[in-house]
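Here's the structure, in structure tokens; my notes come after.
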Amino acid sequence: MHTFPPESSTAPLDAALQIVAGKGGVGRTVIASALALRLARRGHPTLLLEVNAPDNAAACLEVAPSVDHPTEVLPNLWLCRMTPAGSMAEYALMILRFRALYSLVFDNRLVRYMLRSIPSLAEFTMLGKAWFHSVERAAEDEPKYARMVIDAPATGHALTFLSVARTVHDVAPAGTMKTAAGRMADTIEAPTTRMHVVAVPEEMPVNEGLDLVRAARERLHVRLGLGILNQRLAPVFEPSDGPVLDRLEVDAALHRELEPYVRCARRHQARWMLQEQHAERFRRGSQIPLLSIPLLPERGRALIERIALLMDGCEVSNSSRASDGGPGGARGVDEP
Amino acid sequence: MNDAAALATMLRTSRVVVCVGPGGVGKTSTAASIALSAARSGRRSLVLTIDPAKRLANALGLPEIGHVESDVSQSAFRAASLPVPAGRMTAMMLDIKTAWDEVVARHHPDPSGRQRLLQNRLYVALSTALAGSQEYMAMEKLFELSTRREDPLDLIVLDTPPAEHAIDFLEAPSRILDALDNEATRWLVEPFQASGRISKKVFDAGSSFFIRTIARFTGTELLQDLAEMLSEFQGMFDGFRARAQAVRMLLEASDTAFAIIGGPRKDALDAVAAFHERLRQRGARVGMVVFNRVETEVLGPCAGLDEEALAGYVGAAGGTPDLMRRIVRLAEATDARYREEQRRIDALLPRLGDTQVVRIPELGQDIHDLRGLDILARTMFSAEAPVF
């Protein structure tokens, strides 16, 4: 069984292989990019892999896109967006060894068509490529990448992506594919692998996050890392402001010019409380440590840098229950 | 731009509304509330989702929605203190595996071959994993539902999986056909059909160099399975093709409308424009573009108290100058966000032509039950001011 360098820590944010999953639109790529940047900054050669998504990570990091072949886009940080076709080529080459043979057969239009009708082959070969990079060696037999972060597809497809290796291993007849699938499944299920579940504090993203947590426990056999609550709104008002706002609301009925301010404050409070309910539901339902990332004004690389720093700040409090889980900053990891 | 009458007409005259858009913009809730609006106006509507996550059940406040149509019952409306619709609304979530099995059961000519196919290892995986499988089955289901005689439907609202491109959905039938039935598959299937398996002879013969090389990659048995599966599909392709053609006509019909669902975020806006362009290119009718969760304006351009006056009010209510500043900053930040979002949407309008554009304000509550869907429906289809 191939595992990552044995010296690597299993602390969630430092795990050798980190898979970032969650509903579409919750900021998976932003979180994955920040995780990878942080690891790179700490001196670990890190590979950030995107699974068949548009070039989002490249845009987040403000670097040139890097498709199918890992490129060092920042010091210690390699980026690779995997495509089904590119992964298939690499995977086939690993087995066939000769590019000429590969080109002759796999570049054949008819063969390409035929391979498309093999279900899950795209996910399978992409996972195969991910696995290949996880055991790839540099010149001095050092592992080429000390850390890998996989930006997984959105929920439904993530489940396929993460379960395909075990499925293929279980159903495929003995042979190259079964062996390869077994190794991939072992990597996903390894003690040095963690799956982080990203959600924003809203109804459906939290529901899907909880679905992922359940799937991880019940059938994927992947170890859970952190629950990451992204875009958590900071509270503008303190509990002690309550009575003042109540009185202002009464005044607003008489003074129309005051009314919009009070309405805006009330709406903010309502949104904030609602989001806190969802955050709490995620925390209780997932039973994994929670990391809150506040809603931040930055965009692009600045946003990634900021989140990477926030991740650093909270790491030490991993085992202690944070005071209130409030979102004023990344206050720490909330143990359930 | 939001002409309530035009939207109501679209809703009344459409038989199919296909909701497309990127992920995370409330597509499923929007689809459900379109179906709800139709039921309110007395029509018999169905919302069909193919999303593997259970979003629609969440939004409808139902514990679960499965492959069987379930009624959003009158008592559910009463329980939510909402008027019972004049029409009737049902919901279903397509289970892709079951849908494939249904198609095979209905269209495979030979019972023993049918059984072989249903038990083929690759077929079992095919149903969930073949790219485009979900989209294709949604189309099969759409066709079946639109032509059914029993309990006929006035409106089917189809919620599609999040996609980067409209084309993913529209081309699903031809892609699936292409993957299952092409020169290459026939060239694998023919030797298989002659002998019931890929004979050793084929592997040995020089002409099967391709098959041998692929077998090194996939293993021989997997190719056997593949040949068996493709072989069993052979008799069904004419039916596939005929239905794909019928669905294409259905999607291009004048009583089918596409609804593009997006949001005010930049990436969602770009996706909306791209969807619109592609759908138009293909001759599809885009009935509406919906921007969900748009910020609402607090102060407006001229309103706004001067700080002194506001400090007076806050002070009289027992608040500190700091609280006053936070209240002001919050209102200003909200308006800044409102203006920015409106500016972005306005900048997009020229690319959307004469398509109806609806901006749904952030409702201040999640839409996860019938009440939420009802508010969304009223905001979308009536001229009355939205309720917050």
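All of these numbers come straight from a predicted model, not from anything done at the bench. Lettering of chains follows the sequences in order, A, B, ..., and the numbering in each one begins at 1.
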(request) List the steps and the verdict of side-chain contact (heavy atoms from CB on, under 4.5 Å) for B:Leu330 and A:Tyr261. (result) CA-CA 8 Å; B:Leu330 179 65; A:Tyr261 292 96; over 6 Å; no

(message) B:Ile327 vs A:Leu245, test: side-chain contact (heavy atoms from CB on, under 4.5 Å). Steps then yes/no.
(response) CA-CA 10 Å; B:Ile327 291 174; A:Leu245 289 172; 4.1 Å; yes

(request) Among B:Leu323, B:Asp322, B:Thr320, find the one that has a side-chain contact (heavy atoms from CB on, under 4.5 Å) with A:Asp241. (result) B:Leu323

Taking every non-hydrogen atom, the tightest pair across [X] and [Y]:
X	Y	result
A:Val236	B:Arg326	O-NH1, 2.7 Å
A:Arg267	B:Val298	NH2-CG2, 4.4 Å
B:Tyr313	A:Leu248	O-CD2, 3.7 Å

(message) Under 4.5 Å from any heavy atom of chain A, what part of B:Arg265 do you find: side chain, backbone, both or neither?
(response) side chain

(request) Tell me, for B:Arg325 versus chain A, whether the close heavy atoms (under 4.5 Å) come from the side chain, the backbone, both or neither. (result) neither

(request) Please step through side-chain contact (heavy atoms from CB on, under 4.5 Å) for the pair B:Glu362 and A:Arg271, ending with a clear verdict. (result) CA-CA 10 Å; B:Glu362 168 82 55; A:Arg271 277 184 204 174; 3.1 Å; yes

(message) Only pairs of heavy atoms separated by less than 4.5 Å count here; which of B:Gly318, B:Gly319, B:Ala317, B:Ala331 has the most with chain A?
(response) B:Ala317

(request) First locate atom CZ of B:Arg329, then atom SG of A:Cys264, and finally report the distance between them rounded to the nearest 0.5 Å. (result) 12.5 Å

(request) Can you measure from CG (B:Leu299) to CZ (A:Arg263) and round to the nearest 0.5 angstrom? (result) 8.5 Å

(message) If I measure from the heavy atoms of chain B, does A:Glu238 come under 4.5 Å with its side chain, its backbone, both, or neither?
(response) both

